[in-house]
Amino acid sequence: MAFDTMIGAYIINSSKDTYTISELAQEYLNLNVKAVEELTGKGKNFTLYRDMQPDVLSKTVGIYPYVINKVSRKIDGLFKENNQEQLYYDIELPLVRALADMEYYGFKVNVNALVEFSKELQEKIDVVTKEIYTLAGEEFNINSPKQLGVILFEKLGLPVIKKTKTGYSTDAEVLDELSDRHEIVEKILEYRQLVKLKSTYAEGLLAVINPHTGKIHSSFNQTVTVTGRISSTEPNLQNIPIKLEMGRKVRKVFIPSNENYQLLDADYSQIELRVLAHITDDENMINAFLNNEDIHTSTAASVFGIPKEEVTPIMRSRAKAVNFGIVYGIGDFSLAKDLKISRKEARMYIDSYLDRYPNVKRYMHDIVEEGKEKGFVTTMFKRRRYLPELKSRNFNIRSFGERIAMNTPIQGSAADIIKIAMVKVHGELKKRKLKSRLILQVHDELIVEVFKEEKEEVEKILSEGMQNAVSLKVPLVVEVKSGNNWYETK
DNA sequence: CCTGACTCG
DNA sequence: ATTCGAGTCAGG
């Protein structure tokens with residue numbers, strides 16, 4: 001592949017909203033070039049090139065080949081300065097083809113099962129809706145937070161827990177707190193769950209099934225996220241339900257193309273914490289992974305200062321929340337909210353965590369300093385994110401910047417690693433002319449549609465490709481599961 | 001912390 | 001009729 005200015009510019013600065021030739025010409029060449037959109041118009045005024053006069057067309061687009069060449073050379077020069085050539089040429093560019101193939105190949109869907117699922121949901125919604133109307137004493141639009149707020153907090157007199165910019169908050173967190181005070185609350189929660197499933201996942205997915213292929217062909221965007229992850233749209237296949245059983249059933253409709261195939265689902269175990277252990281070189285955390293311990297249990301034992309055998313389920317789940325928070329650049333405020341404890345208590349958890357993982361503590365401090373000095377932080381493979389927030393005089397903005405500084409190298413390095421694995425797996429399947437295809441990535445997980453006769457071979461390519469994508473100070477552990485639909489791969 | 005889709009107004 | 005911000009909730 002020659003050069004891709006959009007992806008190139010994304011590597012230079014991942015925080016921009018768009019990477020049009022017009023903007024890149026302005027930024028990198030100080031050149032004013034008309035945007036294509038100015039020529040074609042948009043919406044109802046949109047005009048195709050073929051419907052324009054050649055002289056009008058050439059006035060704008062005629063200069064593009066020249067500009068693209070100039071911008072490309074400029075960006076390539078910046079790669080050298082930033083030491084980002086490997087990231088661009090060995091990871092992002094080959095990934096283009098892997099993602100294109102994933103989009104083109106698609107994920108087969110059992111349409112009849114999805115239609116049935118939709119009907120079942122509607123029946124349940126009808127029942128719950130009537131119950132809500134009866135308990136409220138009137139009919140109203142349950143989907144409207146405004147109308148719902150009036151019912152809950154004015155008519156029924158429930159206490160206001162939290163407010164939004166525009167009125168009463170009615171989110172799940174608030175409703176959970178109110179669930180003991182009125183029967184209607186749990187019905188609202190149930191209603192929300194059902195409606196979410198029906199609109200986003202049943203009807204939403206049915207609407208994007210390609211009638212020719214019977215498959216869903218998502219778009220995988222390579223230049224959207226600031227951390228280096230890929231994103232998925234129309235539909236988003238990276239947020240298909242899994243946590244709650246009712247939602248998880250959606251996965252039953254995702255199936256292999258035909259009876260000669262199965263699904264393989266391989267996911268990294270705790271990749272972000274492993275990356276953290278590697279980056280910080282923290283002995284305690286590295287040893288936990290080297291000994292293949294359950295990291296949350298191990299953290300609980302460390303933080304509470306007891307043997308692992310004595311860790312209770314509650315202690316483990318607290319430690320899990322702290323691990324989670326650490327990866328996100330912990331604040332006592334959000335941890336307190338997560339665990340429903342006081343801010344002071346949360347602070348104590350964090351402090352004892354950092355005492356037990358001293359190198360993590362040093363890292364969290366140093367990375368913020370580095371971000372301030374250089375103006376950006378980097379991932380293991382030199383992906384950059386600029387952090388103007390760190391210089392803000394506003395405490396909230398600055399604190400936000402500090403959490404980003406702590407989180408981005410972790411989340412971003414994990415993104416680098418799975419991209420490397422994808423390029424390897426995609427390349428290997430192609431090289432060996434196998435019938436199996438990589439069809440989806442969900443941040444720490446790869447899904448392959450495997451030709452049954454190739455199962456053993458492909459399972460090895462997949463798990464070894466992922467495990468050996470990079471060599472860290474801790475092993476990368478990959479779990480592979482198979483099934484005749486996505487639900488079964490658990 | 002990082003996302004995208006749906007609904008309302 | 002269309003657009004947009006806000007609220008909510010699905011995933012990592």
Side-chain angles (χ1 to χ4, degrees), chain A residues 14-15 42-45 140-150 162-176 188-189 191-205 207-208 218-244 246-248 250-251 267-273 275-276 321 323-331 333-335 338 364 367 377 379 383 385 387 389 399-415 418 440-446 486:
Chain A
S14 62
S15 301
K42 53 177 179 175
K44 65 183 174 69
N45 295 317
F140 64 102
N141 187 346
I142 310 168
N143 294 327
S144 163
K146 194 174 164 192
Q147 292 183 39
L148 178 61
V150 171
K162 190 168 59 169
K163 304 204 88 181
T164 65
K165 281 179 200 170
T166 54
Y168 311 115
S169 173
T170 68
D171 68 18
E173 197 189 322
V174 168
L175 297 184
D176 273 334
I188 301 284
L189 285 165
Y191 174 90
R192 286 246 176 98
Q193 198 194 345
L194 293 166
V195 166
K196 182 80 174 181
L197 288 176
K198 176 149 194 283
S199 63
T200 302
Y201 298 103
E203 289 168 349
L205 292 176
V208 292
S218 179
S219 295
F220 297 103
N221 202 309
Q222 214 175 333
T223 61
V224 167
T225 74
V226 284
T227 54
R229 283 184 169 181
I230 60 175
S231 81
S232 159
T233 55
E234 259 188 308
N236 181 357
L237 288 186
Q238 293 180 320
N239 72 345
I240 302 301
I242 189 165
K243 290 172 182 166
L244 304 174
M246 201 188 341
R248 192 173 193 154
V250 173
R251 294 178 174 234
D267 71 297
Y268 280 116
S269 163
Q270 303 295 347
I271 189 170
E272 290 185 337
L273 286 172
V275 163
L276 179 65
N323 273 327
F324 201 61
I326 285 288
V327 166
Y328 293 160
I330 198 77
F333 183 78
S334 37
L335 182 67
D338 260 25
M364 294 298 172
I367 194 71
V377 293
T379 66
R383 191 185 302 281
R385 178 172 181 183
L387 292 170
E389 295 90 349
S399 302
F400 177 61
E402 289 168 0
R403 292 194 294 275
I404 298 174
M406 296 185 254
N407 166 260
T408 296
I410 302 168
Q411 188 182 126
S413 296
I418 196 165
L440 184 60
Q441 185 250 50
V442 191
H443 309 306
D444 62 356
E445 157 186 41
L446 296 180
W486 200 6

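Quick note on labels: first sequence line is chain A, next is B, and so on, each numbered from 1.
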Round to a whole Å and report the spacing from CD of A:Q441 to P of B:dC2.
18 Å

Residue-phosphate contact under 4.0 Å: A:R403 side-chain N/O, B:dC1 OP1/OP2
yes

Please classify the nucleic acid contact of A:N239 as base, sugar-phosphate, or nothing, using heavy-atom distances under 4.0 Å.
base

From the set B:dT3, C:dT8, B:dT7, return the single nucleotide nearest to any side-chain atom of A:S199.
B:dT7

Given atom CG of A:D171 and atom P of C:dA10, what is their separation to the nearest angstrom?
11 Å

With heavy atoms under 4.0 Å as the rule, sort A:S334 into base, sugar-phosphate or nothing.
nothing

Contact class for A:Q411 vs. all strands (heavy atom < 4.0 Å): base, sugar-phosphate, or nothing?
base

Counting side-chain heavy atoms from CB outward, which of C:dA10, B:dT7, C:dC9 is closest to A:N143?
B:dT7

With a 3.5 Å cut-off and heavy atoms only, can you find an N or O donor on one side and an acceptor on the other between the side chain of A:Y328 and the base of C:dG12?
yes

Between C:dT8 and A:T170, is there an OP1 or OP2 to side-chain N/O distance shorter than 4.0 Å?
yes

Nucleotide nearest A:N236 (side chain, heavy atoms from C-beta), chosen from B:dA5, B:dC2, C:dT8:
B:dA5

Do the charged groups of A:E203 and A:K196 touch, with an N to O distance under 4.0 Å?
no

Using a 4.0 Å heavy-atom cut-off, does A:L197 contact any base of the nucleic acid, only the sugar-phosphate backbone, or nothing at all?
nothing

Using a heavy-atom cut-off of under 4.0 Å over every strand shown, decide if A:R248 touches base, sugar-phosphate, or nothing.
nothing

Just the rounded figure in Å: distance from P of C:dT8 to OH of A:Y201.
17 Å

It should be established whether A:T227 places a side-chain nitrogen or oxygen under 4.0 Å from OP1 or OP2 of nucleotide B:dT3.
no

Once you apply a heavy-atom cut-off of 4.0 Å, does A:T408 come out as touching a base, just sugar-phosphate, or nothing?
nothing

Using atom types as modelled and distance alone, determine if a side-chain donor or acceptor of A:Q238 lies under 3.5 Å from a backbone N or O of A:Q441.
yes

Tell me the interatomic distance from A:N141, atom CG, to C:dT8, atom C1', rounded to whole angstroms.
14 Å

Using only modelled atom types and a 3.5 angstrom limit, is any donor from either the side chain of A:K146 or the base of B:dC8 paired with an acceptor on the other?
no

Donor-acceptor pair, side chain of A:T200 and main chain of A:G204, under 3.5 angstrom
no

From NZ of A:K198 over to P of C:dA10, roughly how many Å is that when rounded to an integer?
17 Å

Base, sugar-phosphate alone, or nothing: which one does A:G329 contact when heavy atoms must sit under 4.0 Å apart?
nothing

Note, A:L148 side chain near A:R192 side chain (heavy atom, < 4.5 Å)
yes

Please step through side chain to side chain donor-acceptor pair (under 3.5 Å) for the pair A:R385 and A:S14, ending with a clear verdict.
CA-CA 6 Å; A:R385 178 172 181 183; A:S14 62; 5.8 Å; no

Phosphate OP1/OP2 of C:dG7 contacted by A:T166 side-chain N/O (<4.0 Å):
yes

Short side-chain N/O contact from A:Q238 to OP1 or OP2 of B:dA5, under 4.0 Å:
no

Quick check on B:dT3: is either OP1 or OP2 less than 4.0 Å from any side-chain nitrogen or oxygen of A:S231?
no

For A:Y168 and B:dG9, what is the distance between atoms OH and P respectively, to the nearest whole Å?
15 Å

Reckon A:V224 touches a base, only the sugar-phosphate, or nothing at all at heavy-atom distances under 4.0 Å?
sugar-phosphate

State whether the side chain of A:T379 and the backbone N or O of A:P409 hold a donor-acceptor pair below 3.5 Å, judged by distance alone.
no

Calculate, to the nearest 0.5 Å, the distance between atoms CD and CG belonging to A:E234 and A:N221 respectively.
11.5 Å

Rounding to a whole Å, what distance do you find between A:L440:CG and B:dG4:P?
15 Å

Side-chain donor or acceptor of A:T164 paired with backbone N/O of A:T166 under 3.5 Å
yes

Which nucleotide in the set C:dA10, B:dG4, C:dG12 lies at the smallest distance from any side-chain heavy atom of A:P241?
C:dA10

Contact class for A:V195 (heavy atom, under 4.0 Å): base, sugar-phosphate, or nothing?
nothing

Of the listed nucleotides C:dG7, B:dA5, B:dG9, the one nearest the side chain of A:K196:
B:dA5

At under 4.0 Å, does any side-chain N or O of A:R192 touch on OP1 or OP2 of C:dC9?
yes

A:T200 vs C:dC9: side-chain N/O to OP1/OP2 distance below 4.0 Å
no

Which part of the nucleic acid, if any, lies within contact of A:E234, taking any heavy atom under 4.0 Å across all strands shown: a base, the sugar-phosphate backbone alone, or nothing?
sugar-phosphate

Regarding A:E445, tell me which of base, sugar-phosphate or nothing describes its non-hydrogen contacts under 4.0 Å with the strands shown.
nothing

Base, sugar-phosphate alone, or nothing: which one does A:I410 contact when heavy atoms must sit under 4.0 Å apart?
nothing

Remember a base hit wins even if backbone is also touched, and classify A:A414 as base, sugar-phosphate or nothing at under 4.0 Å, heavy atoms.
nothing

Length of the CD1-P vector between A:I142 and C:dT8, whole Å
15 Å

Let's see if you can work this out: which of B:dC2, B:dG4, C:dG7 has an atom nearest to the side-chain heavy atoms of A:K165?
C:dG7

